[in-house]
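The structure appears below as C-alpha coordinates.
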2 protein chains.
Amino acid sequence: MTTTDQERQPVPPEARRIRVVLGMVGDKWSLLVVCHLRRGPMRFTELKRAVEDISQRMLTVTLRGLERDGIVTRTVHDAMPPHVTYELTPMGVTLCEATTPLLGWTVDHLARIDEARAVYDAR
Amino acid sequence: MTTTDQERQPVPPEARRIRVVLGMVGDKWSLLVVCHLRRGPMRFTELKRAVEDISQRMLTVTLRGLERDGIVTRTVHDAMPPHVTYELTPMGVTLCEATTPLLGWTVDHLARIDEARAVYDAR
DNA sequence: CGGTATCCTGAACGATACTG
DNA sequence: CAGTATCGTTCAGGATACCG
(Lines give C-alpha, C1' and ligand atoms only; values in the text may rest on other atoms or scores of the structure.)
Protein backbone atom coordinates (compact mmCIF):
# COMPACT_ATOMS: atom_id res chain seq x y z
CA MET A 1 0.00 0.00 0.00
CA THR A 2 1.37 3.38 -1.00
CA THR A 3 -1.64 5.60 -0.30
CA THR A 4 -1.22 5.57 3.45
CA ASP A 5 -0.23 9.20 3.79
CA GLN A 6 -2.80 11.26 1.97
CA GLU A 7 -5.95 9.50 3.16
CA ARG A 8 -6.40 11.05 6.59
CA GLN A 9 -9.66 12.86 7.51
CA PRO A 10 -11.76 11.07 4.88
CA VAL A 11 -15.33 12.05 5.84
CA PRO A 12 -15.46 14.08 9.06
CA PRO A 13 -18.23 16.50 7.96
CA GLU A 14 -20.46 13.58 6.95
CA ALA A 15 -19.85 12.05 10.36
CA ARG A 16 -20.85 15.32 12.02
CA ARG A 17 -24.10 15.43 10.05
CA ILE A 18 -24.98 11.86 10.92
CA ARG A 19 -24.38 12.55 14.59
CA VAL A 20 -26.65 15.59 14.47
CA VAL A 21 -29.46 13.72 12.74
CA LEU A 22 -29.26 10.80 15.12
CA GLY A 23 -29.07 13.15 18.07
CA MET A 24 -32.31 14.77 16.96
CA VAL A 25 -34.45 11.91 15.71
CA GLY A 26 -32.43 8.79 16.48
CA ASP A 27 -34.19 8.21 19.77
CA LYS A 28 -37.24 6.05 20.32
CA TRP A 29 -40.00 8.68 20.12
CA SER A 30 -39.03 11.89 18.31
CA LEU A 31 -39.76 10.78 14.74
CA LEU A 32 -43.04 9.25 15.87
CA VAL A 33 -44.18 12.49 17.49
CA VAL A 34 -43.08 14.56 14.49
CA CYS A 35 -45.01 12.30 12.14
CA HIS A 36 -48.19 12.70 14.15
CA LEU A 37 -47.82 16.47 14.07
CA ARG A 38 -47.81 16.48 10.26
CA ARG A 39 -51.58 16.69 10.24
CA GLY A 40 -51.60 19.87 12.27
CA PRO A 41 -51.36 21.19 15.85
CA MET A 42 -52.13 18.78 18.64
CA ARG A 43 -52.61 19.05 22.36
CA PHE A 44 -50.46 17.21 24.89
CA THR A 45 -53.08 14.68 25.89
CA GLU A 46 -54.10 14.20 22.29
CA LEU A 47 -50.50 13.28 21.43
CA LYS A 48 -50.32 11.08 24.48
CA ARG A 49 -53.25 9.05 23.18
CA ALA A 50 -52.05 9.04 19.58
CA VAL A 51 -48.47 7.91 20.17
CA GLU A 52 -49.04 4.40 21.35
CA ASP A 53 -47.42 3.34 24.64
CA ILE A 54 -45.46 6.55 25.21
CA SER A 55 -45.22 7.51 28.86
CA GLN A 56 -46.12 11.00 30.02
CA ARG A 57 -42.54 11.61 30.99
CA MET A 58 -41.11 10.56 27.63
CA LEU A 59 -43.65 12.67 25.76
CA THR A 60 -42.59 15.71 27.78
CA VAL A 61 -38.88 14.97 27.34
CA THR A 62 -39.31 14.36 23.60
CA LEU A 63 -41.33 17.52 23.04
CA ARG A 64 -38.79 19.61 24.97
CA GLY A 65 -36.00 18.27 22.79
CA LEU A 66 -37.90 18.98 19.59
CA GLU A 67 -38.76 22.45 20.84
CA ARG A 68 -35.12 23.12 21.68
CA ASP A 69 -34.06 22.09 18.19
CA GLY A 70 -36.62 24.37 16.58
CA ILE A 71 -38.73 21.51 15.22
CA VAL A 72 -41.91 22.20 17.16
CA THR A 73 -43.44 25.18 18.91
CA ARG A 74 -45.22 25.05 22.23
CA THR A 75 -48.18 27.38 22.69
CA VAL A 76 -50.01 27.90 25.97
CA HIS A 77 -53.61 29.00 25.53
CA ASP A 78 -55.02 30.90 28.50
CA ALA A 79 -58.57 29.70 28.48
CA MET A 80 -60.90 27.63 30.60
CA PRO A 81 -59.80 24.93 30.84
CA PRO A 82 -56.22 25.99 29.95
CA HIS A 83 -54.45 23.89 27.34
CA VAL A 84 -51.19 23.62 25.39
CA THR A 85 -50.75 22.91 21.70
CA TYR A 86 -47.71 21.68 19.80
CA GLU A 87 -47.13 22.41 16.15
CA LEU A 88 -44.40 21.77 13.60
CA THR A 89 -42.31 24.80 12.69
CA PRO A 90 -41.51 25.39 9.00
CA MET A 91 -38.18 23.70 9.70
CA GLY A 92 -40.06 20.80 11.26
CA VAL A 93 -42.10 20.41 8.11
CA THR A 94 -38.97 20.28 5.95
CA LEU A 95 -37.46 17.71 8.30
CA CYS A 96 -40.57 15.63 7.83
CA GLU A 97 -40.23 15.85 4.08
CA ALA A 98 -36.56 14.90 4.27
CA THR A 99 -37.42 11.71 6.12
CA THR A 100 -40.07 10.65 3.60
CA PRO A 101 -37.68 8.82 1.23
CA LEU A 102 -36.26 6.83 4.12
CA LEU A 103 -39.72 5.83 5.33
CA GLY A 104 -40.65 4.99 1.77
CA TRP A 105 -37.56 2.85 1.47
CA THR A 106 -38.71 0.86 4.50
CA VAL A 107 -42.11 0.24 2.93
CA ASP A 108 -40.44 -1.08 -0.20
CA HIS A 109 -37.98 -3.31 1.64
CA LEU A 110 -39.72 -4.47 4.80
CA ALA A 111 -40.41 -7.92 3.39
CA ARG A 112 -36.88 -8.29 2.07
CA ILE A 113 -35.41 -7.24 5.42
CA ASP A 114 -37.51 -9.75 7.34
CA GLU A 115 -36.45 -12.39 4.84
CA ALA A 116 -32.76 -11.51 5.17
CA ARG A 117 -33.01 -11.76 8.94
CA ALA A 118 -34.76 -15.12 8.78
CA VAL A 119 -32.05 -16.45 6.46
CA TYR A 120 -29.26 -15.13 8.69
CA ASP A 121 -30.84 -16.41 11.90
CA ALA A 122 -31.53 -19.85 10.42
CA ARG A 123 -27.84 -20.37 9.85
CA MET B 1 -65.53 16.85 20.56
CA THR B 2 -67.65 14.42 18.59
CA THR B 3 -64.93 12.49 16.74
CA THR B 4 -63.86 10.45 19.72
CA ASP B 5 -65.10 7.14 18.38
CA GLN B 6 -63.71 6.74 14.91
CA GLU B 7 -60.16 7.91 15.51
CA ARG B 8 -58.62 4.77 16.97
CA GLN B 9 -55.54 3.19 15.30
CA PRO B 10 -54.49 6.39 13.52
CA VAL B 11 -51.01 5.53 12.17
CA PRO B 12 -49.85 2.07 13.24
CA PRO B 13 -48.10 1.11 9.97
CA GLU B 14 -46.11 4.36 9.98
CA ALA B 15 -45.06 3.59 13.54
CA ARG B 16 -43.93 0.14 12.47
CA ARG B 17 -41.79 1.60 9.66
CA ILE B 18 -40.16 4.11 11.95
CA ARG B 19 -39.32 1.39 14.45
CA VAL B 20 -37.72 -0.70 11.71
CA VAL B 21 -35.63 2.17 10.37
CA LEU B 22 -34.45 3.17 13.83
CA GLY B 23 -33.74 -0.42 14.69
CA MET B 24 -31.48 -0.69 11.66
CA VAL B 25 -29.66 2.63 11.51
CA GLY B 26 -30.73 4.46 14.65
CA ASP B 27 -27.74 3.30 16.63
CA LYS B 28 -24.48 5.14 17.02
CA TRP B 29 -22.42 3.50 14.25
CA SER B 30 -24.46 1.78 11.52
CA LEU B 31 -25.11 4.80 9.32
CA LEU B 32 -21.49 5.87 9.65
CA VAL B 33 -20.23 2.48 8.51
CA VAL B 34 -22.71 2.34 5.64
CA CYS B 35 -21.64 5.77 4.44
CA HIS B 36 -17.98 4.74 4.36
CA LEU B 37 -18.86 1.67 2.32
CA ARG B 38 -20.44 3.82 -0.41
CA ARG B 39 -17.07 4.18 -2.08
CA GLY B 40 -16.64 0.45 -2.46
CA PRO B 41 -15.58 -2.67 -0.55
CA MET B 42 -13.42 -2.19 2.52
CA ARG B 43 -11.51 -4.46 4.82
CA PHE B 44 -12.16 -4.69 8.55
CA THR B 45 -9.06 -2.84 9.64
CA GLU B 46 -9.55 -0.27 6.92
CA LEU B 47 -13.02 0.47 8.29
CA LYS B 48 -11.65 0.51 11.80
CA ARG B 49 -9.27 3.31 10.83
CA ALA B 50 -11.83 5.19 8.74
CA VAL B 51 -14.66 5.27 11.27
CA GLU B 52 -13.20 7.52 13.88
CA ASP B 53 -13.19 6.30 17.48
CA ILE B 54 -15.14 3.10 16.87
CA SER B 55 -13.97 0.21 19.02
CA GLN B 56 -13.13 -3.14 17.51
CA ARG B 57 -16.03 -4.68 19.31
CA MET B 58 -18.58 -2.14 18.11
CA LEU B 59 -17.35 -2.44 14.54
CA THR B 60 -17.89 -6.19 14.69
CA VAL B 61 -21.30 -5.86 16.31
CA THR B 62 -22.38 -3.19 13.82
CA LEU B 63 -21.20 -5.15 10.79
CA ARG B 64 -22.98 -8.29 12.02
CA GLY B 65 -26.21 -6.34 12.36
CA LEU B 66 -25.89 -4.86 8.89
CA GLU B 67 -25.08 -8.27 7.47
CA ARG B 68 -28.11 -9.78 9.17
CA ASP B 69 -30.36 -7.11 7.68
CA GLY B 70 -29.00 -7.71 4.19
CA ILE B 71 -27.28 -4.31 3.99
CA VAL B 72 -23.69 -5.54 3.68
CA THR B 73 -22.00 -8.74 2.62
CA ARG B 74 -19.02 -10.28 4.34
CA THR B 75 -16.46 -12.03 2.15
CA VAL B 76 -13.55 -14.06 3.46
CA HIS B 77 -10.61 -14.23 1.06
CA ASP B 78 -8.39 -17.24 1.57
CA ALA B 79 -5.01 -15.77 0.88
CA MET B 80 -1.79 -15.00 2.69
CA PRO B 81 -2.37 -13.06 4.81
CA PRO B 82 -6.10 -13.91 4.95
CA HIS B 83 -8.46 -10.97 4.93
CA VAL B 84 -12.16 -10.07 4.97
CA THR B 85 -13.96 -7.47 2.93
CA TYR B 86 -17.31 -5.82 3.51
CA GLU B 87 -19.42 -4.42 0.72
CA LEU B 88 -22.84 -2.85 0.36
CA THR B 89 -25.51 -5.08 -1.14
CA PRO B 90 -27.81 -3.59 -3.81
CA MET B 91 -30.30 -3.06 -1.00
CA GLY B 92 -27.59 -1.33 1.00
CA VAL B 93 -26.97 1.05 -1.87
CA THR B 94 -30.66 1.96 -2.07
CA LEU B 95 -30.73 2.51 1.69
CA CYS B 96 -27.84 4.89 1.27
CA GLU B 97 -29.69 6.80 -1.42
CA ALA B 98 -32.81 6.95 0.74
CA THR B 99 -30.86 8.63 3.53
CA THR B 100 -29.33 11.26 1.27
CA PRO B 101 -32.21 13.76 1.58
CA LEU B 102 -32.05 13.56 5.36
CA LEU B 103 -28.30 14.15 5.39
CA GLY B 104 -28.78 16.98 2.92
CA TRP B 105 -31.41 18.49 5.19
CA THR B 106 -28.89 18.54 8.01
CA VAL B 107 -26.37 20.38 5.86
CA ASP B 108 -28.96 23.00 5.04
CA HIS B 109 -30.15 23.45 8.61
CA LEU B 110 -27.13 22.83 10.82
CA ALA B 111 -26.61 26.52 11.48
CA ARG B 112 -30.29 27.11 12.19
CA ILE B 113 -30.39 24.16 14.58
CA ASP B 114 -27.39 25.39 16.54
CA GLU B 115 -28.99 28.82 16.67
CA ALA B 116 -32.31 27.42 17.90
CA ARG B 117 -30.51 25.51 20.65
CA ALA B 118 -28.55 28.56 21.73
CA VAL B 119 -31.75 30.61 21.94
CA TYR B 120 -33.54 27.90 23.90
CA ASP B 121 -30.64 27.35 26.30
CA ALA B 122 -30.16 31.07 26.90
CA ARG B 123 -33.66 31.33 28.30
C1' DC C 1 -54.76 19.37 31.90
C1' DG C 2 -50.09 19.30 31.50
C1' DG C 3 -46.76 18.72 33.55
C1' DT C 4 -42.16 17.66 37.54
C1' DA C 5 -39.53 14.84 40.60
C1' DT C 6 -37.56 10.59 41.91
C1' DC C 7 -36.12 6.10 41.55
C1' DC C 8 -34.89 2.06 38.99
C1' DT C 9 -33.76 -1.32 35.25
C1' DG C 10 -31.88 -3.01 30.99
C1' DA C 11 -29.60 -2.33 26.87
C1' DA C 12 -25.95 0.00 24.53
C1' DC C 13 -21.53 1.06 24.59
C1' DG C 14 -16.41 1.16 25.90
C1' DA C 15 -11.94 -0.97 27.66
C1' DT C 16 -9.18 -4.63 27.91
C1' DA C 17 -7.35 -9.15 27.22
C1' DC C 18 -7.01 -13.16 24.55
C1' DT C 19 -7.20 -16.16 19.88
C1' DG C 20 -7.33 -18.93 15.18
C1' DC D 1 -5.73 -9.70 10.37
C1' DA D 2 -10.04 -10.14 12.15
C1' DG D 3 -12.05 -11.27 15.32
C1' DT D 4 -14.30 -13.30 20.49
C1' DA D 5 -14.87 -13.04 25.57
C1' DT D 6 -15.47 -10.66 29.71
C1' DC D 7 -16.25 -6.95 32.55
C1' DG D 8 -17.61 -2.36 33.90
C1' DT D 9 -20.08 1.93 33.05
C1' DT D 10 -23.34 5.07 31.26
C1' DC D 11 -27.63 6.48 29.91
C1' DA D 12 -32.13 6.22 27.66
C1' DG D 13 -36.24 5.02 28.99
C1' DG D 14 -40.16 3.12 32.23
C1' DA D 15 -42.92 3.22 36.78
C1' DT D 16 -44.76 5.81 40.09
C1' DA D 17 -46.11 9.67 42.81
C1' DC D 18 -47.02 14.37 43.33
C1' DC D 19 -48.32 19.43 41.70
C1' DG D 20 -50.08 24.28 39.79
In whole Å, what is the span from the [atom1] atom of [X] to the [atom2] atom of [N]?
X	N	atom1	atom2	value
Leu22(A)	dA12(D)	CG	P	13 Å
Leu47(B)	dG3(D)	CG	P	10 Å
Leu63(B)	dG3(D)	CG	P	7 Å
Tyr86(B)	dC1(D)	OH	P	14 Å
Asp78(A)	dC1(C)	CG	P	17 Å
Gln56(B)	dC18(C)	CD	P	14 Å
Met58(A)	dT4(C)	CE	C1'	14 Å
Phe44(B)	dG20(C)	CZ	C1'	15 Å

Does Arg64(A) make a cation-pi contact with Trp29(A) (under 6.0 Å, within 45 degrees of the axis)? no
Of Pro82(A) and Asp27(B), the one whose closest DNA chain C nucleotide lies more 5': Pro82(A)
Using a 4.0 Å heavy-atom cut-off across all strands, classify Thr45(A) as base, sugar-phosphate, or nothing. sugar-phosphate
Which is true for Lys28(B) with a 4.0 Å heavy-atom rule: it touches a base, it touches only sugar-phosphate, or it touches nothing? sugar-phosphate
Report, as yes or no, whether the 6.0 Å neighbourhood of atom CZ on Arg117(A) holds more than 12 heavy atoms from other residues, nucleotides or ligands. yes
All heavy atoms of Arg38(B) vs all of Cys96(B), minimum pair found to be CG-SG, 3.1 Å
Using only atom types and a distance under 3.5 Å, with no angle test, would you say the side chain of Glu46(A) pairs donor to acceptor with the backbone of Arg43(A)? yes
Do you know which of Val33(B), Leu63(B), Leu59(B) makes side-chain contact (heavy atoms from CB on, under 4.5 Å) with Tyr86(B)? Leu63(B)
Closer to the 5' end of DNA chain D via nearest nucleotide, is it Thr60(B) or Pro81(B)? Pro81(B)
Among the nucleotides dT4(D), dG2(C), dA2(D), whichever has the atom closest to the side chain of His83(A) is dG2(C)
Looking at the base of dG3(C), is there any donor atom on it, or on the side chain of Arg57(A), that sits under 3.5 Å from an acceptor on the other one? no
